[in-house]
Colleague: 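Pasting a structure here, questions to come.
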Amino acid sequence: MGVRRPSAGVRAAVLALDAGNSKTDAALVGADGRVLGTGRAGGFQPQLTGTGAAVDVLEQAVAQAAGAAGLTGPAGAAGAVPAGLPYADTVSACLAGADFPVEEQQLADAVAARGWGAATQVRNDTFAILRAGLPVGRPPRGVAVVCGAGINCAGMLPDGRTARFPSVGRISGDWGGGGGLAREALWSAARAEDGRGERTGLAAALPGHFGLGSMAALIEALHLGHLAWRRVHELVPVLFEVAAAGDRVAAALVERQAEEVVAMASVALARLDLLAQEAPVLLGGGVLTAGHPQLDGPIRAGLAARAPLARVSVVAAPPVLGAALLGLDAVGAPPAAHAELRAHFG
C-alpha cells in the first residue's frame with residue numbers, strides 16, 4: 001500500500017522504530033492508523049558502535065520516513081532540513097541491544113535528544129514481535145520467542161507487567177539463534193573431520209556451501225578473513241537440510257534449539273501466571289518463520305506438554321508493525337486505527 005501525506009504542519013501520532021542487528025525500519029503513523037511515511041536503514045548495533053553511532057542509523061531511517069511524509073526535504077537528499085520537529089506525538093522504539101533497564105534508559109535518552117517525538121518509549125525489539133502477533137482491540141497479553149541472529153523471549157500483561165531474559169549470549173544462559181546454530185554446526189563438523197567427534201554430513205555440507213573441499217579449508221578461510229564471518233549465517237539452512245536428511249548430529253542441534261524455545265516460552269508464561277489459562281505464544285525471527293518441520297513440530301509438542309493451554313502461532317508481519325501498535329496503545333488510539341495499521345502491513 002502507499003502512504004498518505006499529512007496536511008502542512010500536521011505531525012504524526014506515532015513514530016515507530018524497529019531496529020535489529022541487520023536492519024532498521026521506521027514508520028510515521030497518524031492517529032487513525034494511516035501510514036504517512038516509511039524508511040529503512042542498516043543494522044542497529046550499539047554494543048559494537050556505541051550509542052551515538054547506533055542512533056545515527058535510526059536517524060537515517062527517520063529522515064526517509066519524514067521525507068516520504070512531507071515533513072522534510074526529499075528523503076535521502078543531502079542537506080535535508082528536519083523541519084517541523086517533533087515529527088510525532090510519541091516515539092515507540094523497539095531496539096536490539098535494549099536488554100537491561102539501564103540500556104533502555106540510555107537509548108531512550110539518546111533517542112529523545114534527537115527531538116523526533118514529544119514523548120519517547122524504548123523497549124527491547126522482542127516486544128515488537130509480541131505486539132505484532134496479538135489481536136486488534138485487546139490489551140497486550142502473551143509471550144513471544146524470537147529466534148533470528150540470536151534468541152530472545154518476552155511476555156506482557158495488560159497491567160504492564162512483563163517477563164523477559166537478558167539474552168546477551170552464553171553468559172546469560174542463552175543457546176542458539178541463527179548465529180549460535182551456525183557456530184555449533186561448525187564445531188561439530190570440525191570435530192567430525194579430524195576424528196575428535198561423531199561423523200556427520202555437516203563436515204562436507206558446510207564447506208561445500210562456500211565451494212570449499214574440506215572443513216580445514218573453511219576454518220582457514222574464516223580464521224584468515226578470506227571469508228567474512230558474517231556469512232556464517234548462510235549455514236543455518238544447510239544445517240536444517242542435513243538434519244532433514246536424517247543426520248543424527250544435525251538433528252540433535254535442531255532438537256536442542258526446539259527445547260530452548262520451549263523452555264523460554266514456558267518459563268515466561270509461568271512468571272506471568274499464564275500457564276493455567278489460555279494464552280498466545282508467538283514465534284518470530286528468521287529461524288522460526290522459515291517453516292522447518294524438524295523445528296516446528298518439536299516446539300509445538302514441547303509446549304503441548306509443558307504449557308498445554310498455550311496457543312502457538314508464527315508472526316510473519318514486519319516487527320515495525322508491533323512497534324507502531326505499541327505507539328497507538330500509548331496514545332489511546334481506537335481499535336479502528338489498529339485495524340487500519342494492520343491492513344497496511346498485510
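Sequence positions, counted from 1, serve as the residue numbers for this chain.
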Colleague: Name every donor-acceptor pair, under 3.5 Å, that has one atom in a side chain of residues 199-210 and the other anywhere in the protein, sequence neighbours excluded.
Modeller:
| unit_1 | atom_1 | unit_2 | atom_2 | d |
| --- | --- | --- | --- | --- |
| Thr200 | OG1 | Leu202 | N | 3.1 |
| Thr200 | OG1 | Asp247 | OD1 | 2.8 |
| Thr200 | OG1 | Asp247 | OD2 | 3.2 |
| His209 | NE2 | Glu234 | OE1 | 2.8 |

Colleague: List the residues meeting ring pair (Phe, Tyr, Trp, His ring centres under 6.0 Å) with Phe240, not counting sequence neighbours, and say none if there are none.
Modeller: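 Phe240: ring pair (Phe, Tyr, Trp, His ring centres under 6.0 Å) contacts with His292.
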Colleague: Quick check: closest heavy atoms across Val14 and Gly327, and the distance to 0.1 Å?
Modeller: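 Taking every non-hydrogen atom into account, CG2-C, 3.5 Å.
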Colleague: Roughly how far, to the nearest 0.5 Å, is the OG atom of Ser188 from the CG atom of Leu253?
Modeller: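 Leu253 CG to Ser188 OG: 5.0 Å, rounded to 0.5 Å.
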Colleague: Could you tell me if the side chain of Leu326 sits less than 4.5 Å from the side chain of Cys94, heavy atoms only?
Modeller: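 A side-chain contact exists here, since the closest heavy-atom pair is under 4.5 Å.
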Colleague: Could you check whether any side-chain N or O of Asn124 sits under 3.5 Å from a backbone N or O of Ala98, counting only pairs where one atom can act as donor and the other as acceptor?
Modeller: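 The answer is yes, because a donor-acceptor pair under 3.5 Å joins these two groups.
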Colleague: Can you pull out every salt bridge (Lys or Arg N to Asp or Glu O under 4.0 Å) where at least one residue sits in residues 101-118? Sequence neighbours excluded, please.
Modeller: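 Checked against salt bridge (Lys or Arg N to Asp or Glu O under 4.0 Å) - neighbours excluded - the pairs reaching residues 101-118 are Asp56-Arg114, Glu59-Arg114, Glu104-Arg164.
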Colleague: Walk me through whether Arg183 and Val232 qualify under side-chain contact (heavy atoms from CB on, under 4.5 Å).
Modeller: CA-CA 8 Å; Arg183 288 189 292 272; Val232 299; 5.7 Å; no
Colleague: With the 4.5 Å side-chain cut-off for hydrophobic clustering, are Val315 and Val281 part of the same group?
Modeller: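 No, Val315 and Val281 fall in different hydrophobic clusters.
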Colleague: When you compare the side chain of Arg123 with that of Arg131, does any pair of heavy atoms fall below 4.5 Å?
Modeller: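 No, their side chains stay 4.5 Å or more apart.
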Colleague: What verdict does the side-chain contact (heavy atoms from CB on, under 4.5 Å) test give for Glu340 and His344, after you've listed the backbone C-alpha separation in whole Å, the side-chain angles of each residue and the deciding distance to 0.1 Å?
Modeller: CA-CA 6 Å; Glu340 175 69 29; His344 176 92; 5.7 Å; no
Colleague: Tell me whether Val236 shares a hydrophobic cluster with Val261, the cluster being built from Ile, Leu, Val, Met, Phe, Trp, Tyr side chains joined at under 4.5 Å.
Modeller: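 Per the 4.5 Å side-chain linkage, Val236 and Val261 are co-clustered.
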Colleague: Using side-chain contact (heavy atoms from CB on, under 4.5 Å), reason through Gln47 and Asp99 one step at a time and then give a plain yes or no.
Modeller: CA-CA 11 Å; Gln47 69 278 13; Asp99 296 302; over 6 Å; no
Colleague: Measure across Gly97 and Pro46 and return the closest heavy-atom pair with its distance rounded to 0.1 Å.
Modeller: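 Taking Gly97 first and Pro46 second, the nearest heavy atoms are CA-CG, 4.4 Å.
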Colleague: May I ask whether Val146 and Trp175 are part of the same hydrophobic cluster, defined by side-chain heavy atoms of I, L, V, M, F, W, Y residues being less than 4.5 angstrom apart, directly or through others?
Modeller: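 No, Val146 and Trp175 fall in different hydrophobic clusters.
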Colleague: Answer yes or no: is there a side-chain heavy-atom contact under 4.5 Å between Val242 and Val249?
Modeller: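 When only atoms from C-beta onward are counted, Val249 and Val242 do not touch, as no gap falls below 4.5 Å.
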Colleague: For the CG atom of Asp89 and the CG atom of Leu15, what is their distance to the nearest 0.5 Å?
Modeller: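 Reported value, rounded in 0.5 Å steps: 11.0 Å.
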Colleague: Enter the distance from Leu309:CG to Leu275:CG here, rounded to the nearest 0.5 Å.
Modeller: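 Reported value, rounded in 0.5 Å steps: 8.5 Å.
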Colleague: Would you call Val267 and Phe165 a side-chain contact if the rule is heavy atoms closer than 4.5 Å?
Modeller: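 Sidechains of Phe165 and Val267: in contact.
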Colleague: With sequence neighbours excluded, tell me which residues meet side chain to side chain contact (heavy atoms under 4.5 Å, CB included) with Ala144.
Modeller: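 Partners of Ala144 by the side chain to side chain contact (heavy atoms under 4.5 Å, CB included) criterion, ordered by chain and then number, come out as Ile129, Leu130, Leu282.
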Colleague: Do Arg342 and His338 touch side chain to side chain, with heavy atoms closer than 4.5 Å?
Modeller: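 No, their side chains stay 4.5 Å or more apart.
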Colleague: Considering all heavy atoms of both residues, which atom of Thr289 and which atom of Leu283 are nearest to each other, and what is their separation?
Modeller: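 Minimum heavy-atom separation between Thr289 and Leu283: CG2-O, 4.3 Å.
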Colleague: Does any N or O in the side chain of Glu193 come within less than 3.5 Å of the main-chain N or O of Ala216, such that one atom is a donor and the other an acceptor?
Modeller: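 Yes, the answer is positive, given that a donor and an acceptor are paired below the 3.5 Å cut-off.
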Colleague: Would you confirm whether Gln257, through its side chain, and Gly177, through its main-chain N or O, come within 3.5 Å as a donor-acceptor pair?
Modeller: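 Side chain of Gln257 to backbone of Gly177: a pair is present.
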Colleague: Can you find a heavy atom in the side chain of Leu58 that is under 4.5 Å from one in the side chain of Leu95?
Modeller: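 Leu58 vs Leu95: side chains touch.
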Colleague: Examine distances only and state if a side-chain atom of Ser92 and a backbone atom of Ala323 form a donor-acceptor pair shorter than 3.5 Å.
Modeller: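 Yes, Ser92 side chain to Ala323 backbone: donor-acceptor pair under 3.5 Å.
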Colleague: Are Met156 and Leu134 connected in a single hydrophobic cluster, I mean Ile/Leu/Val/Met/Phe/Trp/Tyr linked by side-chain heavy atoms less than 4.5 Å apart?
Modeller: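 The answer is yes; both residues are in one hydrophobic cluster.
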Colleague: After noting the C-alpha distance and the side-chain angles of Leu107 and Thr51, does the key distance pass the side-chain contact (heavy atoms from CB on, under 4.5 Å) rule?
Modeller: CA-CA 7 Å; Leu107 289 167; Thr51 298; 4.0 Å; yes
Colleague: To the closest 0.5 Å, what do you measure between CH2 (Trp229) and CG (Leu222)?
Modeller: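 With rounding to 0.5 Å, CH2 (Trp229) is 5.5 Å from CG (Leu222).
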Colleague: Give a yes or no on whether Val91 and Leu36 share a hydrophobic cluster (residues Ile, Leu, Val, Met, Phe, Trp, Tyr; joining criterion: side-chain heavy atoms under 4.5 Å apart).
Modeller: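 Linked within one cluster.
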Colleague: Would you confirm whether Gln60, through its side chain, and Ala41, through its main-chain N or O, come within 3.5 Å as a donor-acceptor pair?
Modeller: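 No.
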Colleague: Nearest 0.5 Å please: distance from the CG atom of Leu71 over to the CH2 atom of Trp116.
Modeller: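 Spacing of CG (Leu71) from CH2 (Trp116) equals 14.0 Å.
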Colleague: If you compare all heavy atoms of Ala132 against all heavy atoms of Leu325, which two are closest, and at what distance to 0.1 Å?
Modeller: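 That would be CA-CD1, 4.2 Å.
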Colleague: Quick one, Ile299 and Leu288 - any side-chain contact, counting heavy atoms below 4.5 Å?
Modeller: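 Ile299 vs Leu288: side chains touch.
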Colleague: Is Phe345 close to Val35 at the side-chain level, that is, under 4.5 Å between some pair of heavy atoms?
Modeller: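 A side-chain contact under 4.5 Å exists here.
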Colleague: What's the shortest heavy-atom distance between Ala265 and Leu303, and which atoms?
Modeller: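 Ala265 and Leu303 have their closest heavy atoms at CB-CD2, 3.9 Å.
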Colleague: What's in the same ILVMFWY side-chain cluster as Val102, cut-off under 4.5 Å, chained through other members?
Modeller: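 Via sub-4.5 Å side-chain contacts, Val102 links to Phe100, Val168, Ile171.
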Colleague: When rounded to the nearest 0.5 angstrom, what distance separates CZ in Phe127 from OG1 in Thr162?
Modeller: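 Here the interatomic distance stands at 4.5 Å.
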Colleague: If you look only at pairs with a residue in residues 261-277, which of them pass as a side-chain hydrogen bond (donor to acceptor under 3.5 Å, both in side chains), with sequence neighbours excluded?
Modeller: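 Listed by first then second residue: Arg141-Gln277, Ser266-Arg306.
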Colleague: Show the nearest heavy-atom pair for residues Ser167 and Asp174, with the distance to one decimal.
Modeller: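 In this case the closest contact between Ser167 and Asp174 is CA-OD2, 2.8 Å.
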Colleague: Say whether, by atom type as modelled, one donor and one acceptor occur between the side chain of Thr24 and the main chain of Gly42 under 3.5 angstrom.
Modeller: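 The answer is yes, because a donor-acceptor pair under 3.5 Å joins these two groups.
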